[in-house]
Amino acid sequence: MEQFYSIITQYIDAWGYTAIFIGMTMESACLPVPSELIFGFVGYLVFQGRMDFTAAVVSGVSGGLLGSILAYGVGHYGGRPFIDRYGRFFFLSKRHVALAQRWFDRYGIAATFFGRLLPVVRTFISLPAGFAKVPFIKFVACTILGSVPWTIALIYGGMILGENWHKLDAVGHDISLIIAGCLLVAGILWLRRGKGEVNPDS
């Protein structure tokens with residue numbers, strides 16, 4: 001992990017927002033790049049005043065979107081057989097792809113949104129969306145909506161941890177589950193409110 005810390009800090013120090021964009025493109029394209037460490041260090045730089053919070057969020061979400069679109073394209077045009085046959089050459093774990101597939105099979109397009117908030121699943125969820133050939137615009141919308149809270153939370157977590165930003169790698173999974181739970185509750189309340197508003201007896 002110390003090597004990861006060193007590589008990430010040097011990379012972001014040298015390239016700034018471009019490094020965030022490229023790193024998150026790689027992560028969302030299913031390559032083994034640790035987003036918790038990227039955003040943890042970015043949050044630390046924001047804490048120091050060396051980076052702007054909003055610009056960092058935009059860079060992270062934009063890079064994540066591009067990487068997700070690339071993964072979606074591979075799934076759309078290559079299909080599951082292509083991934084099963086050649087995925088190992090791109091560091092794709094069949095177990096992780098299968099996990100993302102189960103989530104998508106169970107929740108459909110909604111998994112593209114909530115999957116962004118869950119460990120492992122968020123990295124690979126674009127593939128089954130591509131397999132299923134979901135409408136591209138819906139895929140992009142769900143990807144952005146799911147990526148924004150995750151990106152904000154991790155950068156903010158790095159800001160809070162300060163000098164201990166690298167600890168975000170250990171608590172990042174817990175943060176993602178908390179965010180997913182909060183969004184789920186908010187979604188349920190929103191649906192109930194909507195039903196109440198259309199009910200003439202309310």
Side-chain angles (χ1 to χ4, degrees), residues 16-36 38-39 42 52-83 86-87 90-93 96-156 172 175-177 179-188 190-191 194:
Y17 301 110
T18 301
I20 301 173
F21 179 85
I22 295 174
M24 290 311 301
T25 297
M26 295 172 64
E27 193 264 355
S28 296
C30 305
L31 296 177
V33 178
S35 58
E36 290 89 350
I38 291 176
F39 287 135
V42 168
D52 177 73
F53 180 84
T54 301
V57 170
V58 171
S59 299
V61 172
S62 299
L65 176 61
L66 176 59
S68 298
I69 290 174
L70 293 175
Y72 172 89
V74 171
H76 186 282
Y77 294 106
R80 183 67 182 268
F82 176 85
I83 296 300
Y86 299 107
F90 303 97
F91 308 103
L92 294 178
S93 165
H96 291 163
V97 173
L99 175 62
Q101 183 69 65
R102 287 196 297 272
W103 267 85
F104 189 86
D105 290 343
R106 184 170 183 179
Y107 299 106
I109 187 65
T112 307
F113 168 70
F114 283 105
R116 298 289 163 190
L117 309 172
L118 300 174
V120 180
V121 175
R122 66 174 173 269
T123 303
F124 298 94
I125 195 62
S126 299
L127 289 173
F131 298 156
K133 295 179 170 57
V134 301
F136 181 71
I137 298 301
K138 287 186 177 180
F139 168 78
V140 169
C142 289
T143 297
I144 294 174
L145 291 174
S147 298
V148 168
W150 166 250
T151 302
I152 290 175
L154 285 188
I155 294 177
Y156 190 67
I175 292 175
S176 65
L177 294 176
I179 298 172
C182 291
L183 289 176
L184 179 60
V185 171
I188 292 173
W190 181 79
L191 289 174

Q.
Using 0.5 Å steps for rounding, measure from the CZ atom of F131 to the OG atom of S126.
A. 10.5 Å
Q | For Y72, ring pair (Phe, Tyr, Trp, His ring centres under 6.0 Å) partners two or more places apart | A | H76, F136, F139
Q.
Are the side chains of W150 and V61 in contact, using a 4.5 Å heavy-atom criterion?
A. no
Q.
So for atom NZ, which belongs to K138, do other residues, nucleotides or ligands contribute more than 12 heavy atoms lying within a distance under 6.0 Å?
A. no
**Q.** Rounded distance (nearest 0.5 Å) linking atom CG of L70 with atom CG of L31
**A.** 9.5 Å
Q.
For a quick test of reading the model, state the closest non-hydrogen atom pair linking L154 to S35 and the distance between them.
A. CD1-O, 4.2 Å
Q) If you count the non-hydrogen atoms of other residues, nucleotides and ligands that lie under 6.0 Å from CZ in F53, is the total more than 12? A) yes
Q: Of all the heavy-atom pairs spanning A71 and C30, show the shortest one and how long it is.
A: CB-SG, 4.1 Å
Q) Per the side-chain contact (heavy atoms from CB on, under 4.5 Å) rule, which among V134, I109, I137 passes with C142? A) I109
Q: Could you check if a side-chain atom of L66 sits within less than 4.5 angstrom of a side-chain atom of F21, using non-hydrogen atoms only?
A: yes
Q: Of all the heavy-atom pairs spanning M24 and I38, show the shortest one and how long it is.
A: SD-CD1, 4.1 Å
Q: Using side-chain contact (heavy atoms from CB on, under 4.5 Å) as the criterion, list what pairs up with D52, not counting sequence neighbours.
A: Y17, T54, A55
Q: For residues T112 and A129, report the shortest heavy-atom separation together with the two atoms involved.
A: OG1-CB, 4.1 Å
Q: Determine the minimum heavy-atom distance between A100 and P128, stating which atoms define it.
A: O-CG, 3.8 Å
Q: Pick out which of I125, L145, I144 makes a side-chain contact (heavy atoms from CB on, under 4.5 Å) with F113.
A: L145
